[in-house]
Amino acid sequence: MIATIARHQVRSLVRQRTFVSLLGVFGVMTVLAGVLGWSSHHTIVRVYDQAVILLDGQGRPAPPNPFTLRPRLSLLSNMVVYVPLIGALLALVVGHLSVVDDQSGGVGRLVFSRGLDRRTYVVGKLAAAAFVLATVATMSTVISAASLLIVERTLAPSDLARLVAFFALSWLYLMVFASIGMVSGVASRLRSLGLLSALGAWLVITFVVPQFTSGLRPTASLNPITDPVSTSQSFFRATAKLRPLSIAEQYKQASAHLLQTATTHESAVRLLGHLVPIAGALVLLAAVLIDLVGRHDYSRSASDA
């Protein structure tokens, strides 16, 4: 039954062109990250070549090419911004549509009239979202690897492993927002209110909490290499204790280390520690969703207002 529910939901997303649109947007995002990385590479190399000519004319030795000192995966550092900013919004929509369509269309009333276990229903919906987002992450991995091969002409196995790990982390992060979309959809009787509530949660997680725990401005909270200012202000020294609970910051820090753009080095154990709040949030949301679906009255359709 879980597989049946998941297949039905994936087909529904395909019919609504949500799945195709999601693939298209993520594909454009990934290509854009590669293009910006190539542009940065091209500009730095061109400036360096001109500097070499100038220094050679003055009889001075040229310093090493600064681009060769950068990690290869740093070309894709913009993806650390795109995933929380755009990808999370798309994941909210996927989760929201997964549950509200069943309420407004009467599918939920029909399904549960046959004695289907509601936990099975929830797992099937989560499995569908997981499949959709995993497909998107896989496509982005392939595009990113191709971009790196075009720019760098080579891709080490260790870099490929880091790239796969980054998109696996992104998939886990997006699953949190898909779950938020489902929870808000079930908890709200109005479709529009459910989506608005999910957007509010996205704003709080992405901007409010990082600013509160690190003293970062909203734009700086998306920067994968920005250092918090909590060490210089007493208020933020106190609120910084809550930083481990900020899944946006944990995602940013883990991504920075996987893409090797972080200013410090962390052990594998500490890197895995960044996953605990994200995975914990997903488990908690899944439990809340099971409880809400178990108590929801599907005999009453959700309003489109």
Side-chain angles (χ1 to χ4, degrees), residues 6 9 13 18-19 22 25-26 29 79-100 119 122-138 140-141 164-188 194-214 221-222 224 242-258 271-293:
Q9 184 57 50
L13 292 173
T18 304
F19 191 8
L22 190 64
V25 172
F26 261 88
M29 284 168 44
M79 287 300 297
V80 183
V81 178
Y82 296 158
V83 170
L85 192 61
I86 302 175
L89 287 174
L90 297 175
L92 284 177
V93 174
V94 170
H96 179 74
L97 292 177
S98 296
V99 295
V100 297
R119 286 174 296 182
V122 171
V123 174
K125 292 293 183 178
L126 289 172
F131 173 80
V132 169
L133 295 177
T135 302
V136 170
T138 301
S140 296
T141 303
V164 172
F166 166 71
F167 280 106
L169 170 66
S170 298
W171 169 83
L172 180 65
Y173 187 75
L174 293 179
M175 278 298 298
V176 172
F177 287 90
S179 301
I180 291 175
M182 293 183 188
V183 169
S184 63
V186 176
S188 303
L195 185 57
L196 185 61
S197 300
L199 290 175
W202 169 77
L203 286 172
V204 170
I205 293 172
T206 306
F207 297 107
V208 178
V209 174
Q211 185 175 14
F212 181 74
T213 58
S214 299
S221 64
L222 293 172
L242 299 175
R243 192 181 307 155
L245 301 179
S246 172
I247 64 172
E249 290 192 81
Q250 298 305 313
Y251 170 78
K252 183 183 71 172
Q253 292 178 23
S255 298
H257 286 284
L258 288 174
L271 184 60
L272 289 175
H274 293 305
L275 303 181
V276 175
I278 302 175
L282 179 58
V283 171
L284 177 61
L285 287 167
V288 172
L289 182 60
I290 291 174
D291 179 67
L292 289 174
V293 170

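Position 1 is the first residue of the sequence; numbering continues from there.
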Acceptor/donor pairs from residues 171-182 side chains to any protein atom, 3.5 angstrom cut, sequence neighbours excluded:
residue	atom	partner	partner atom	Å
W171	NE1	A130	O	3.1
S179	OG	M175	O	2.9

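- Partners of L89 by side chain to side chain contact (heavy atoms under 4.5 Å, CB included), not counting sequence neighbours, listed by chain and number: L92, L199, W202.
- For V209, the side chain to side chain contact (heavy atoms under 4.5 Å, CB included) test picks out V204, T213, S246, with sequence neighbours left out.
- For L196, the side chain to side chain contact (heavy atoms under 4.5 Å, CB included) test picks out no residue, with sequence neighbours left out.
- You'll find the side chain of L245 stays beyond 4.5 Å of the side chain of P277, heavy atoms only.
- Taking CG of L284 as the start and CG of L289 as the end, the distance is 11.0 Å to the nearest 0.5 Å.
- Applying the side chain to side chain donor-acceptor pair (under 3.5 Å) criterion to S98, with sequence neighbours excluded, gives no partner residue.
- Listed here is the closest heavy atom pair of S184 and G194: OG-O, 3.1 Å.
- Here the straight-line distance linking atom CG of L169 with atom CD of Q250 works out to 10.5 Å at 0.5 Å rounding.
- Applying the salt bridge (Lys or Arg N to Asp or Glu O under 4.0 Å) test to pairs two or more places apart or on separate chains, those with a residue in residues 274-291 are D291-R295.
- L13 approaches V94 most closely through the heavy-atom pair CD1-CG1, 4.1 Å.
- Taking both residues in full, the closest heavy atoms of L195 and H96 are given as N-CE1, 3.5 Å, listed atom of the first, atom of the second, then distance.
- Contact annotation: the side chain of L22 approaches that of F26 to within less than 4.5 Å [non-hydrogen atoms, C-beta and beyond].
- Applying the side chain to side chain contact (heavy atoms under 4.5 Å, CB included) test to L271 and every residue at least two apart in sequence or in another chain returns A254, H257, L258, H274.
- Residue pairs meeting the side-chain hydrogen bond (donor to acceptor under 3.5 Å, both in side chains) criterion with at least one partner in residues 123-138, sequence neighbours excluded, are Q9-K125, D102-K125.
- Closest approach of Y251 to M79, counting heavy atoms only: OH-O, 4.3 Å.
- Counting all heavy atoms, side chain and backbone alike, V100 lies closest to G185 at CG1-CA, 3.9 Å.
- Proximity of L292 to V288: side-chain heavy atoms (C-beta onward) are separated by under 4.5 Å at one or more points.
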